[in-house]
Amino acid sequence: MQRRTFIKQSVLWTAACAAGSRMPLWTFTDAAGVKASVGLRSGELYGLFRDPQSIYRPFVRWWWNGDKVEADELKRELHILKDAGIGGVEINPVKFPGNDTDDLGKRSLSWLSDEWIDMLKVAFDEAKSLDMTCDLIVGSGWPFGGEFLEGDERADLVVNYSRKLTGPIDYEVSRDGLFSTADPAISSPFLGRKMELLSLQLVPEPFGSLDQAIDLMGKEVDGSFKFRVPDGKYVLFALVKIRGFLEVINGAPGATGPVLNHYNKPAVQKYLNNMSDKIQQRLGPLSGHIRALFTDSMELEGANWSYDMADEFKRRRGYDVQPYLPFILFKMGSMGNVLTYEPKVKFTPELDDTIQRVRYDFEYTKAELLLERFTKTYLDWCKGLNVKSRAQAYGRGLFPLENSLDYDIPECESWTMTWLRHRLGEEMSEEDYRRGRAYTMVNKYVSSAAHLRGKRLVSCEEMTNTYTVFNMTLELLKIGGDQTAISGVTHSIFHGFNYSPKEAPFPGWIRYGAYYNENNNWWPYFKYYTAYKGRLASVLQHGSMYADIAVLHPVADMWSTLGMQNEPFPSTTNVMYKTLVWEAIHKNGSGCDYVSESIIRDAEMKEGCLCYGPRRYKTLFLIEVESMEPATARKLYDFVVSGGRIFCIEAYPHKSVGLKDHDKHDKEVQEWVEKMKQMDGRFILLHKPEKDFVGWYQDVQKEYGLTPYMTIEKPDPYLMQNRYQGDNREEMFFFSYAHRYNSHQTRISFSNEIVKGRQGWVWDLETGKRYRLPLDAANSFLFDFGPADSLLIMFDKQKRGNDYKPLPASGEGLKDLSSDWDVEFRHSRENTVQNTHFDKLKDLKDTDYVNFCGTIVYRKKINVSSPAGMVLNLGLVHGVSEVFVNGQSCGVKWYGRRIHPVAAKLKQGENSVEVHVVTVMGNYMKTLKDNKIAQAWTRRQDVVQSAGLVGPVTVYSIES
């Protein structure tokens, strides 16, 4: 068999396997992160790019609302998704959307019942027939659990209660009163929770030693504690254990009830086996039907206990944690977030240091147990079933990096909330890590974990939308999706497609999502975006992201002072600017990964590089890292001695973590740091800037000779890039310009290492075509990035092709066409047509048509003396647009610049021009006062959405 034929068949076989056949998954391509035995040649990669297989196309989270699913509707929806360019589904049973939604009297199936499993089979078989992939979520809702869990199988929580008292007074408090006050205001409490008082103590203020605590547990009489508070200031501390404290959020029937105790390995194993056993007993091996089993983010809301937590802590840390528990815990609320970090008692400095060290030990022990008892159990379970493991291995209580290392498909998430609340595409704030960003805090951790293990498939729950489903545009999805790719993601799982019967009253059943629905105005154009995403994924999954810089965050310091945070949206953090560092590195032409202390300790230091798996880092940044293990400090010394370089931002490490032998360990850390300080130019203290991290890092590059692989003449906060390297020495670059309205022109120069022996190409992500990139003698090109723009550049051995000549935004003989348009409004819901005339183009939000929903047709006659080289630029457009000249389509534009070459469609003399603009639905939905679903999903829509052709519309000539 010829190699080319073999490769082609291999790719097709991979797609067939992913669709659910019994052949081994990912045998030849490395789409799941496993090193391919046979790589694709660059020419073959281009063929894959032009027409990406379904496995590279975006998937959707498929909400099975209330599990009210029926066979015919499942099949119908899979066909709808296939036609829209979706490559697969994550089957996700979830609670029905609510009392305002008409369920049509359809019956809910119980999770894991025979009827429900039969519906799985329908979906599996139909997806396989359509060459689509199925993943299946574990359980239902988040975090998963079930009514059938008992005793220690249920999630436990230990909380504290405190109250300041001034004596001398006699004081009384009831056990029930303590329970009521200690009970945290979490988002989903389980009604069957049971409380137990573990301790009640009175401590003086200031508090300097545990010996000062007065035990009050023996003061109980008839359910109340009566005691004398001595003269002075005191604080009453109660420690309460809540068994089965948390209920599954949005669980479907059969999978509601208490949350599983993820610290309990036998309970985890029992739960997982129960699920797989019941399905496989009816359907046979799951490996014949699905690609992966999936778990959502671990939103454990502060779960921190198990039946053997105290024993495990003592075994691992060498002392008893229970006397310290009332003082290391914070008062918590919804999602386990801390209500206040103000200590309830003033500690002496010595005891405060002890409390912080014990807090770190407790957080670290919890993370160890979750890694060992949940993550590794889950991974072994998937391996035993011969299916891939896919997970969002973060939340509250997990190692931010280590827990993602061993999943076959590590996953992160991006959110649309940054659009409404944080102005996605309109700002890139340095004051708030969320503003202007779709990617979340965890993305860089997750993608770095994949890189450290040599995995190329990094998936993302992309553009999560929980409250503005009718206002999302394809352009905003693209801006967020491009940012997601910059964070290291190579495959998208859109959030989310709702199971909604065709006969359901408009707008249908909606749990969450960007209203991915055939009734959405832009649905006929959705295929353009899915094709774009498929092409990008097909390339990125056949390369390894380049990074020679590593970044270490002050995780230990945060755990010591603030405790674990709820990722991906921590309520606070100890260093607010830390994400700006990786952004600045990528905005200045370099690439980086996150690392952890354990990665550093396990790394090999040689030839000036920190080497771990396939990664080699020449430079390491420590962001305000003050605490670390002595063994980490020793490895950093080895790194510097070997020729590596470390930049410490704002602080040098100067103390150890944890309580046991901390005086000895502090000294060891300090000694290693002092040795590194003696190595001139290799262990450097930097101060963070007051603002402009992009400019600050550019200065650091120049001062310390940190040579980037590309030079960006005018770095910009909105312009980011990633570099990937292919199996056949291809060099790939993805650029994203994330501003919705502005443009940015800059000269970019590529290093000789990249250009030597290779030809540069622009691979058009919209059309699948490629064009030679004509670099000058300095290996540079002047790029003009338009709003919401992106660019995929490939350097390979191919030589022949047309040069890259992007259409300019203006040209010769510029003529403004912004006046005198006849306008027709074709309503998508009310089947009405209205006609009017606009003397001047305007945003519909400033007109009587502010609430219009559908397609706007703008018509105009223009006279042309010479059509050659003519281009039409629509200017600003809110919505999807398509241009027709003399009745012939000149193409669809769904984001950014709306520039169309129209010369071939024009004739000398009079010509008709039509511009069709498809609006979003939010303004109209807000007017439907009698539609409870429409009102529920637009109640937070405070800003009227823009719509229509705004312009200026211009026509001009360019060289042909």
> Can you check whether Ser187 reaches Ile249 side chain to side chain, under 4.5 Å on heavy atoms?
Replying inline: yes

> Does a donor on one side chain sit under 3.5 Å from an acceptor on the other, for Ser389 and Asp408?
Replying inline: yes

>> Please tell me whether Tyr532 and Asp482 have a donor and an acceptor in their side chains that are separated by less than 3.5 angstrom.
In response: yes

>> A side-chain contact here means heavy atoms from C-beta on lying under 4.5 Å apart; do Pro507 and Asn931 qualify?
In response: yes

> Counting distance only, does the side-chain N/O of Lys533 pair as donor-acceptor with the main-chain N or O of Pro58 below 3.5 Å?
Replying inline: no

> Do Asn521 and Ser828 meet the criterion of a side-chain donor-acceptor pair at a distance under 3.5 Å?
Replying inline: yes

> Have Arg291 and Thr133 got a donor and an acceptor in their side chains that come within less than 3.5 Å?
Replying inline: no

> Is the closest side-chain donor-acceptor distance between Ser113 and Glu115 under 3.5 Å?
Replying inline: no

> Would Ser188 and Glu301 satisfy side chain to side chain donor-acceptor pair (under 3.5 Å), going step by step from the backbone distance to the final call?
Replying inline: CA-CA 9 Å; Ser188 183; Glu301 301 222 18; over 6 Å; no

>> Once you measure the plane-to-plane angle for His827 and Phe852, does it fall in the parallel (<30°), tilted (30-60°) or perpendicular (>60°) bin?
In response: perpendicular

> Is the backbone N or O of Leu928 less than 3.5 Å from a side-chain atom of Gln935, with the two atoms forming a donor-acceptor pair by type?
Replying inline: yes

>> Determine whether Lys478 and Glu766 satisfy the following criterion, salt bridge (Lys or Arg N to Asp or Glu O under 4.0 Å), listing intermediate values before the conclusion.
In response: CA-CA 12 Å; Lys478 179 185 183 296; Glu766 288 188 64; over 6 Å; no

> What distance separates Gln945 CD from Thr468 OG1, expressed to the nearest 0.5 Å?
Replying inline: 8.0 Å

> How far does CD of Glu70 sit from CG of Asp72, to the nearest 0.5 angstrom?
Replying inline: 8.0 Å

> Given side chains that start at C-beta, do those of Ile137 and Pro93 come closer than 4.5 Å, heavy atoms only?
Replying inline: yes

> What orientation do Trp63 and Tyr512 show, parallel under 30°, tilted 30 to 60°, or perpendicular over 60°?
Replying inline: perpendicular

>> Tell me whether Tyr858 contacts the main-chain N or O of Leu949 through its side chain, where contact means a donor paired with an acceptor under 3.5 Å.
In response: yes

> Just checking, Arg829 and Tyr924: is the charged tip under 6.0 Å from the six-membered ring centre and within 45° of the axis?
Replying inline: no

> So does Lys893 have more than 12 non-hydrogen atoms from other groups sitting under 6.0 Å from NZ?
Replying inline: yes

>> I'd like to know if the side chain of Ser414 reaches the main chain of Met463, judged simply by a donor and an acceptor atom lying under 3.5 Å from each other, with no hydrogens or angles considered.
In response: yes

>> Name the residue from Asp296, Asp135, Thr464 that meets the side chain to side chain donor-acceptor pair (under 3.5 Å) definition with Arg61.
In response: Asp296

> In terms of side-chain geometry, is the basic nitrogen of Asp83 or Lys527 positioned less than 4.0 Å from the acidic oxygen of its partner?
Replying inline: no

>> Between Ser881 (side chain only) and Val917 (backbone N and O only), is there a donor and an acceptor less than 3.5 Å apart?
In response: no

> Taking the six-membered ring where the residue is Trp, are the ring centres of Phe144 and His262 under 6.0 Å apart?
Replying inline: yes

>> I'd like to know whether Arg76 forms a salt bridge (Lys or Arg N to Asp or Glu O under 4.0 Å) with Glu73, so could you lay out the CA-CA distance, the side-chain angles of the two residues, the decisive distance to 0.1 Å, and finally the verdict.
In response: CA-CA 5 Å; Arg76 185 186 79 88; Glu73 179 61 24; 2.9 Å; yes

> Could you walk me through whether Tyr271 and Tyr378 pass the ring-ring contact (aromatic ring centres under 6.0 Å, His included) check?
Replying inline: CA-CA 10 Å; Tyr271 187 97; Tyr378 182 88; over 10 Å; no

>> As a quick check of understanding, evaluate side chain to side chain donor-acceptor pair (under 3.5 Å) for Ser297 and Glu299, giving each step before the final call.
In response: CA-CA 6 Å; Ser297 55; Glu299 298 171 21; 2.9 Å; yes

> With a 4.5 Å limit on heavy-atom distance, are the side chains of Trp62 and Ile86 in contact?
Replying inline: no

>> Assess the residue pair Ile493 and Arg390 against the criterion (side-chain contact (heavy atoms from CB on, under 4.5 Å)); give the C-alpha distance rounded to whole Å, side-chain angles, the decisive distance to 0.1 Å, and a yes or no.
In response: CA-CA 12 Å; Ile493 316 288; Arg390 174 178 148 237; 3.7 Å; yes

>> When you compare the side chain of Gln941 with that of Phe470, does any pair of heavy atoms fall below 4.5 Å?
In response: no

> How are the rings of Phe96 and Trp509 set relative to one another: parallel (under 30°), tilted (30 to 60°) or perpendicular (over 60°)?
Replying inline: perpendicular

> Can you find a heavy atom in the side chain of Phe124 that is under 4.5 Å from one in the side chain of Ile290?
Replying inline: yes

> Taking all non-hydrogen atoms of both residues, which atom of Arg826 and which atom of Val833 are closest, and how far apart?
Replying inline: CG-CG2, 4.4 Å

> Val138 and Trp381: side-chain contact (heavy atoms from CB on, under 4.5 Å), yes or no, with the steps?
Replying inline: CA-CA 12 Å; Val138 175; Trp381 176 60; 3.8 Å; yes

>> For Glu413, is there any backbone N or O sitting under 3.5 Å from a side-chain donor or acceptor partner on Thr440?
In response: yes

> In a check of salt bridge (charged side-chain N to carboxylate O under 4.0 Å, His left out) between Asp114 and each of Lys121, Arg282, Lys278, which one passes?
Replying inline: Arg282

> Do the non-hydrogen side-chain atoms of Ile80 and Tyr516 ever get within less than 4.5 Å of each other?
Replying inline: no

> Heavy-atom distance under 4.5 Å between the side chains of Pro97 and Ile510, does that happen here?
Replying inline: no

>> If you apply the rule side-chain contact (heavy atoms from CB on, under 4.5 Å), what do you find for Met132 with Ser54, and how did you get there?
In response: CA-CA 6 Å; Met132 297 176 72; Ser54 63; 5.7 Å; no

> Side-chain donor-acceptor pair under 3.5 Å between Glu126 and His79, yes or no?
Replying inline: yes

> When the ring centroid of Tyr515 is compared with that of Trp937, is the distance short of 6.0 Å?
Replying inline: no

> Between Trp522 and Phe526, how do the two ring planes meet: parallel, tilted or perpendicular, split at 30° and 60°?
Replying inline: tilted

>> So does Ala738 get a backbone contact from the side chain of Arg740, meaning a donor-acceptor N/O pair under 3.5 Å?
In response: no

>> Give me the atom names and distance for the closest heavy-atom approach of Val248 to Trp142.
In response: CG1-N, 3.9 Å

> Rounded to the nearest 0.5 Å, how far does CG of Asn923 lie from CG of Leu844?
Replying inline: 9.0 Å

> Do the rings of Phe59 and His491 sit parallel, tilted or perpendicular, given the 30° and 60° boundaries?
Replying inline: perpendicular

> What pair of heavy atoms forms the shortest contact from Leu78 to Ala127, and how long is it?
Replying inline: CD1-N, 3.8 Å

